[in-house]
Every structure is written in C-alpha cells, then in structure tokens.
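All values derive from a computational prediction rather than experimental measurement. Chain letters run A, B, ... following the sequence lines, proteins first and then strands; every chain starts at 1.
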Amino acid sequence: MNLLPTESTKSMIQESIIRWFDANGRDLPWRTTSDPYEVLIAEMLLRRTTATAVARIYSAFIRRFERPERLARARVRTIASMVGTLGLQNLRARHLQQTAAHIVKEFKGSIPDTMEGLVNLPGVGVYVASAVLNFAFCRPSPLVDGNTIHLLSRLFELEFAGPADRNAWDFIASFELGGQNKAFYWGIIDLVAMVCLRRVPRCEICPLHEPCIWRHKNKPAFKTG
DNA sequence: CTCCTGATTT
DNA sequence: AAATCAGGAG
C-alpha cells in the first residue's frame, strides 16, 4: 500500500483525464442524451456487461420502450428477449419492468433525482443511482466501478478490496470535479477500455504515463518521445 | 457470503 | 478454463 497522492498530483491527473476524454472519448449512444429515463435504462443494461454489447441493442430497446409507461406494461418475457445477448436477462428484465412500474406509480413517470429515490428502485444500487445523478442530472456524485479500481490501482499502486470498498469511494470523492464530473468518470471508463488494458496496457499513448507508478515499475525504459 | 447469467477477454 | 464486464439482491 502506497502513500496517498498529493492534492496537486490528483488535480493534475484529473485535468489530464478530462482533456484526454474530450479529445478521445467514445461516442456511445447513451452519452448523447441527458434524458433521465434513457440514462437510467443504459446504466441498468450496462450492469455486468460491456459497453459494446449494450451498444448493439440500446437504440432498439429505447425505440420499443420509449417511456417508462411502455416498459411498465411490457411482459418480462418480452423484455428478456430483447436483452438476451447481455446475460442476466431474466433478472435484468424483471428489474427493468419493476423499476418502470415503480416510476410510473410513485413518481408519475419521471425519474427521481435523489440518491434515496433512485436506490429504492428495483435493480438500482448505489452505482447506477450515482451514474444517473452524474450523467442525467449533471450532479457530481462519487462513482466507483471495476474500471475505477483498476485504474487507481495501477496509477497509485493502491490496493482496494473491490468496487464495494469504502476506501475507494472515499478516495474518488476527494477529487474536486467542479462541473466536469461527466468527462472525469467517462474518461476513467474509456481509459480502461481503450488504453489502460489489463494484459497489455498501451502506456505509449496514455495521458497518465508520467505520474503512473505501475508504468514506472513495469516499463522503466519507456521513452516519452 | 452467494447467486444471478452469458458474451467476451485473457 | 477462468476472469471480467458501467453490480445488486437476498
């Protein structure tokens, strides 16, 4: 376990991630909308699934179930047949239908904009709730997933028990994101998906190769060009 | 802690 | 073959 990075290191890394994302981030279908329903659906579909898998079915899903009212009335079997390629389809379909029904009944069809309201939805935990707050309501809220753990572990050689580790949430919450929380969190996800690959990380194109402790230990002869 | 559940990566 | 994937519920 290493020492925690200084505030100035964190600030520099944060800026690098945001700048890199603005220039290189993926243009995924659910990132071009801030409609809370569409964002919530995306996050529920993305649970334990890759973004590329969700990208294949997302538009068709939204077209078919345009509003919560539509989804609430659909049969679980029908929903499951549309999300079958993602895995967890029965569980996922049940949660989608129940959440839609809950939203129609308790919130008159609009998505709650508070952590408490969101985590009470079936199939919505702290991660999905926080993602909706960040990506739909532009409200900065700490967000930690497997990607975050992976990136932080390499950058700072910190050891976390996993995505549920309170220390990881506290650490990510200590960043001062201002209004750039979306670019920061999307940037972390995309860096792990495109650059900080698990087996062969592409340090030569990584915006964080300079401060990265893992890179210094594993590619000491790395030239910055 | 276990289970859910399958495509994809390693 | 095993781990992982924008985790959550029981």
Side-chain angles (χ1 to χ4, degrees), chain A residues 17 21 25-58 61-62 76-77 79-102 111-112 115-154 160-166 168-169 172 177 181-202 218:
Chain A
I17 292 173
F21 176 80
R26 291 178 295 180
D27 191 20
L28 297 164
W30 49 91
R31 288 181 178 171
T32 57
T33 177
S34 58
D35 180 289
Y37 172 69
E38 295 183 8
V39 172
L40 174 63
I41 294 301
E43 297 303 333
M44 293 183 75
L45 296 180
L46 282 160
R47 174 151 84 92
R48 299 301 294 167
T49 310
T50 57
T52 51
V54 175
R56 286 180 210 128
I57 66 155
Y58 180 72
F61 190 97
I62 294 296
V76 171
R77 269 187 316 202
I79 303 170
S81 73
M82 292 204 66
V83 300
T85 57
L86 304 182
L88 299 165
Q89 59 266 51
N90 292 315
L91 180 65
R92 208 185 294 268
R94 193 162 61 242
H95 285 158
L96 284 163
Q97 193 277 328
Q98 289 177 344
T99 279
H102 188 103
I111 314 302
M115 176 61 74
E116 189 192 348
L118 287 163
V119 294
N120 279 326
L121 300 171
V124 175
V126 177
Y127 177 87
V128 169
S130 185
V132 171
L133 291 177
N134 278 294
F135 303 140
F137 296 111
C138 291
R139 199 165 301 169
S141 179
L143 195 59
V144 174
D145 65 354
N147 295 307
T148 320
I149 297 296
H150 171 71
L151 192 75
L152 294 180
S153 301
R154 275 207 175 136
F160 297 113
D165 190 338
R166 263 296 296 273
W169 289 81
I172 209 72
L177 297 180
N181 50 314
K182 288 162 75 168
F184 180 70
Y185 290 126
W186 281 339
I188 291 175
I189 290 164
D190 284 3
L191 272 173
V192 176
M194 301 163 71
V195 178
C196 194
L197 309 179
R198 313 229 168 206
R199 194 163 66 94
V200 192
R202 304 167 69 189
N218 294 276

**OP:** Give the rounded distance in Å between these two atoms: CG of A:L45 and P of C:dG7.
**Re:** 12 Å
Original post:
Is the glycosidic torsion of B:dA7 within 90° of 0, making it syn, or is it anti?
Top reply: anti
Subject >> Of A:F184, A:W186, A:Y185, the residue whose pairing with A:N134 passes side-chain contact (heavy atoms from CB on, under 4.5 Å) >> reply: A:Y185
**OP:** Send over the distance from A:D165 CG to C:dG7 P, rounded to a whole Å.
**Re:** 16 Å
**OP:** Please list residues of residues 121-138 of chain A whose heavy atoms come under 4.0 Å from any atom in DNA chain B, ordered by number; otherwise none.
**Re:** none
Subject >> Identified side-chain contact (heavy atoms from CB on, under 4.5 Å) partner of A:L46 from the options A:I189, A:V54, A:I41 >> reply: A:V54
**OP:** Measure from CD1 on A:I41 to C1' on C:dA6 and round the result to the nearest Å.
**Re:** 15 Å
Original post:
Looking at A:R31 and A:D190, does any basic side-chain N land under 4.0 Å from a carboxylate oxygen?
Top reply: yes
Subject >> Toward the 5' end of DNA chain C, by each residue's nearest nucleotide, A:H95 or A:A42 >> reply: A:A42
Subject >> Check: A:H95 side chain, A:N90 main-chain N or O, donor-acceptor pair, under 3.5 Å >> reply: no
Original post:
Within this structure, what is the CG-to-C1' distance between A:L118 and C:dG8, rounded to whole angstrom?
Top reply: 14 Å
Subject >> Heavy-atom side-chain contact between A:V126 and A:W169 under 4.5 Å >> reply: yes
Original post:
For A:A131 and A:L143, which heavy atoms make the closest approach, and how far apart are they?
Top reply: N-CD1, 3.6 Å
Original post:
For residues 184-196 of chain A, which residues have at least one heavy atom under 4.0 Å from DNA chain C?
Top reply: A:W186, A:I189
Subject >> C:dA6 to B:dC3 separation - P atoms, rounded to the nearest Å >> reply: 24 Å
**OP:** Of all the heavy-atom pairs spanning A:L197 and A:A193, show the shortest one and how long it is.
**Re:** CD2-O, 3.3 Å
Original post:
To the nearest 0.5 Å, what is the distance between CG (A:L151) and CD1 (A:I17)?
Top reply: 5.5 Å
Original post:
Can a donor-acceptor pair under 3.5 Å be found between the side-chain atoms of A:R199 and the base atoms of C:dA3?
Top reply: no
Can you give me the N/O atom pairs linking the protein to nucleotides 4-7 of chain B at distances under 3.5 Å, or say none if there are none?
| residue | atom | partner | partner atom | Å |
| --- | --- | --- | --- | --- |
| B:dT5 | O3' | A:Q89 | OE1 | 3.4 |

Original post:
Between B:dT5 and C:dA1, how far is it from one P atom to the other, in whole Å?
Top reply: 23 Å
Subject >> Dot-bracket notation for DNA chain B, counting Watson-Crick and G-U pairs under 3.5 Å, with | for partners on another strand >> reply: ||||.|||||
**OP:** Keeping to residues at least two apart or across chains, list the side chain to side chain donor-acceptor pair (under 3.5 Å) pairs with something in residues 36-45 of chain A.
**Re:** A:T33-A:E38
Subject >> A:L46 CG to C:dG7 P, straight-line distance once rounded to whole Å >> reply: 8 Å
Subject >> Of A:V124, A:L91, A:D145, the residue whose pairing with A:R47 passes side-chain contact (heavy atoms from CB on, under 4.5 Å) >> reply: A:L91
Original post:
Judged by atom type as modelled, is there a donor-acceptor pair below 3.5 Å linking the side chain of A:R202 to the main-chain atoms of A:M194?
Top reply: yes
Just list the side-chain donor-acceptor pairs under 3.5 Å for residues 135-142 of chain A, sequence neighbours left out, or say none.
| residue | atom | partner | partner atom | Å |
| --- | --- | --- | --- | --- |
| A:R139 | NH1 | A:D113 | O | 2.6 |
| A:S141 | OG | A:S130 | OG | 2.9 |

Subject >> Expected output: side-chain A:R92 to main-chain A:V83 donor-acceptor under 3.5 Å >> reply: no
**OP:** With rounding to the nearest 0.5 Å, note down the distance linking CG in A:L121 to CG in A:L96.
**Re:** 11.0 Å
